[in-house]
Amino acid sequence: MVMHYKEYGDLHKPLIMLIHGGGVGGWMWDKQVQYFSDYHCVVPELINDDTDFSIEECAKKLLSLIEEKAKNKRVMVIGFSLGAQVAIQMICLQSQIIDYAIINSALVIPSPIAEKLIRPFIKLSFPLIKNKSFAKLQAKTLYVDEEYFEQYYQDSSKMKLDTLIKILQENMSFAIPHNFSKAQCKILVTVGEKEKGNMKKSAIHLVNSNPNCKGVVLSNIGHGVSLANPKFFNRFVEEWMKGGKLPDGKVIN
């Protein structure tokens with residue numbers, strides 16, 4: 001599995017790895033790359049139609065990439081949705097090379113029934129992916145605005161049926177790995193106030209599964225805080241990383 005990525009900023013400064021969610025690409029982090037220009041930003045592309053998608057394999061590849069690029073620097077990993085699941089897996093495999101992790105909107109409550117229904121449902125609905133009106137509705141739920149819609153639409157249109165099914169199966173079957181409780185890095189878990197119940201329950205489970213975890217429910221936000229309000233997101237990332245200040249919202253106990 002080849003992992004494509006881009007690098008930005010100052011290669012001599014602490015490393016920030018930004019891991020995108022499903023349905024979007026590394027471009028979702030453009031505003032973060034601009035803001036954190038005095039850091040070494042690494043933005044991977046998770047999806048490759050030539051190979052079966054695997055959260056665990058992605059995690060292993062990204063850990064190898066960090067080992068290659070970090071060179072004893074401080075490391076922060078930020079993941080959104082599917083990328084947040086990958087970040088959790090990375091923490092469990094090798095938390096000693098990660099100093100900080102921000103887990104945005106990670107689903108960790110498996111849904112066996114939904115998992116079984118993925119293949120027949122996606123086969124029926126797959127033609128809609130190339131429909132621009134449908135794509136605009138989907139983009140709206142992820143806070144993808146006009147600036148990035150064409151990129152979103154192109155990425156969606158190119159995805160193969162089997163790749164999409166595999167991604168959704170991995171996403172819907174993901175659970176907190178057994179050794180997550182032993183991870184030593186500092187972890188911030190966030191979820192939007194307007195997200196689905198399973199997302200909020202997942203955030204609670206994560207916070208309660210590791211003593212180094214802090215969690216916050218972000219007010220008036222759905223699925224995709226970094227795209228919905230990049231200024232707020234960038235600021236709280238920096239404040240938490242530098243001083244441990246939690247973002248505004250309801251703290252998860």
Can you tell me how far CD1 of I19 sits from CD1 of I78, rounded to the nearest 0.5 angstrom? 9.5 Å
With the 4.5 Å side-chain cut-off for hydrophobic clustering, are I118 and F134 part of the same group? no
As an exercise, state the distance from SG of C58 to CG of L82, rounded to the nearest 0.5 Å. 7.5 Å
Is E147 close to W27 at the side-chain level, that is, under 4.5 Å between some pair of heavy atoms? no
Answer whether the closest heavy-atom distance between the side chains of H205 and I109 falls below 4.5 Å. yes
Grouping I, L, V, M, F, W and Y whenever their side-chain heavy atoms are under 4.5 Å apart, do F53 and I165 come out in a common cluster? yes
S105 side chain to E195 side chain, donor-acceptor N/O pair below 3.5 angstrom: yes
Under a 3.5 Å threshold, yes or no: a donor from one side chain and an acceptor from the other, between Q34 and D30? no
Linking I/L/V/M/F/W/Y whenever their side-chain heavy atoms sit closer than 4.5 Å, directly or via other members, would V207 and I98 fall into one cluster? yes
Do the side chains of E239 and R235 get nearer than 4.5 Å, heavy atoms only? yes
OG/S209 to CD1/I176 distance, rounded to the nearest 0.5 angstrom? 3.5 Å
Does the side chain of N210 come under 3.5 Å of the side chain of S181 through a donor N or O and an acceptor N or O? no
Check whether any side-chain N or O of D38 sits under 3.5 Å from a backbone N or O of D10 as a donor-acceptor pair, and report yes or no. no
May I ask you to decide if Q138's main-chain N or O and T141's side chain share a donor-acceptor pair within less than 3.5 Å? yes
Return yes if some donor-acceptor pair links the side-chain N/O of K73 with the main-chain N/O of K13 below 3.5 Å, else return no. yes
State, yes or no, whether a side-chain contact exists between M17 and M90 at a heavy-atom distance under 4.5 Å. yes
Donor-acceptor pair, side chain of N179 and main chain of K182, under 3.5 angstrom: no
Please find the pair of heavy atoms, one from G192 and one from K200, that lie closest to each other, and give the distance. O-CE, 3.7 Å
Do Y143 and H223 have ring centroids that are under 6.0 Å from one another? no
Using 30° and 60° as the class limits, which term best fits the ring planes of F233 and F236: parallel, tilted or perpendicular? perpendicular
May I have the step-by-step check of side-chain contact (heavy atoms from CB on, under 4.5 Å) for S226 and M28, ending in yes or no? CA-CA 8 Å; S226 61; M28 74 164 282; 3.3 Å; yes
From CA spacing to verdict: side-chain contact (heavy atoms from CB on, under 4.5 Å), V108, I88: CA-CA 10 Å; V108 296; I88 291 168; 3.9 Å; yes
If you look at every heavy atom in I221 and A228, which pair is closest and at what distance? CD1-CB, 4.1 Å
Y35 and V237: side-chain contact (heavy atoms from CB on, under 4.5 Å), yes or no, with the steps? CA-CA 11 Å; Y35 184 85; V237 166; over 6 Å; no
Side-chain touch K186/K214, heavy atoms, less than 4.5 angstrom: no
Heavy-atom closest contact (S156 atom, G23 atom, distance): OG-O, 4.2 Å
Look at the side-chain heavy atoms of Ile, Leu, Val, Met, Phe, Trp and Tyr, link any pair under 4.5 Å apart, and say whether W29 and I47 land in one connected group. no
Judged by atom type as modelled, is there a donor-acceptor pair below 3.5 Å linking the side chain of S64 to the main-chain atoms of K60? yes
I'd like to know if E238 and K242 make a salt bridge, using a cut-off of under 4.0 Å between side-chain N and carboxylate O. yes
Just by modelled atom types, is the G79 backbone N or O under 3.5 Å from a matching donor or acceptor in the N104 side chain? yes
Check: I167 main-chain N/O paired with N171 side-chain donor or acceptor under 3.5 Å: no
Of all heavy-atom pairs linking V42 and Y5, the shortest is CG1-CD1, 4.2 Å
Any side-chain heavy-atom pair from P14 and M76 closer than 4.5 angstrom? no
Could you grab the distance from atom CD1 of I103 to atom CG of L188, nearest 0.5 Å is fine? 9.0 Å
Is there a continuous path of hydrophobic side-chain contacts, each under 4.5 Å between heavy atoms, that joins V43 to M241? yes
Is there a side-chain contact between L62 and M3 (heavy atoms, below 4.5 Å)? yes
Any idea which heavy atoms bring A203 and V191 closest together, and the distance? CB-CG1, 3.8 Å
Do Q85 and E170 get their side chains close enough for a donor-acceptor pair, meaning under 3.5 Å? no
Locate the shortest heavy-atom distance separating H20 from P44; write the atom from each residue and the value. CD2-O, 3.4 Å
Side chain to side chain, L107 and F174, heavy atoms closer than 4.5 Å: no
Is the closest side-chain donor-acceptor distance between H40 and K69 under 3.5 Å? no
side-chain contact (heavy atoms from CB on, under 4.5 Å) with C185: which of I91, V77, D99? I91
To the nearest 0.5 Å, what is the distance between CG (L63) and CD (Q96)? 8.5 Å
Look at the aromatic rings of W240 and Y100 and report parallel, tilted or perpendicular, splitting at 30° and 60°. perpendicular
Run the salt bridge (charged side-chain N to carboxylate O under 4.0 Å, His left out) check on K132 and E150 step by step: do they pass? CA-CA 10 Å; K132 274 208 169 182; E150 282 302 322; 2.8 Å; yes
Counting only heavy atoms not in F126, do more than 12 sit closer than 6.0 Å to its CZ atom? yes
A quick test of your reading: do over 12 heavy atoms of other residues, nucleotides or ligands sit less than 6.0 Å from NZ of K123? no
Apply the test side-chain contact (heavy atoms from CB on, under 4.5 Å) to residues F180 and C213: give CA-CA distance (whole Å), side-chain angles for both, the deciding distance (0.1 Å), then the verdict. CA-CA 10 Å; F180 179 73; C213 258; 3.9 Å; yes
Are the side chain of E193 and the backbone N or O of N220 linked by a donor-acceptor pair below 3.5 Å? yes
Gap between atom NZ of K160 and atom NZ of K166 - 0.5 Å precision: 16.0 Å
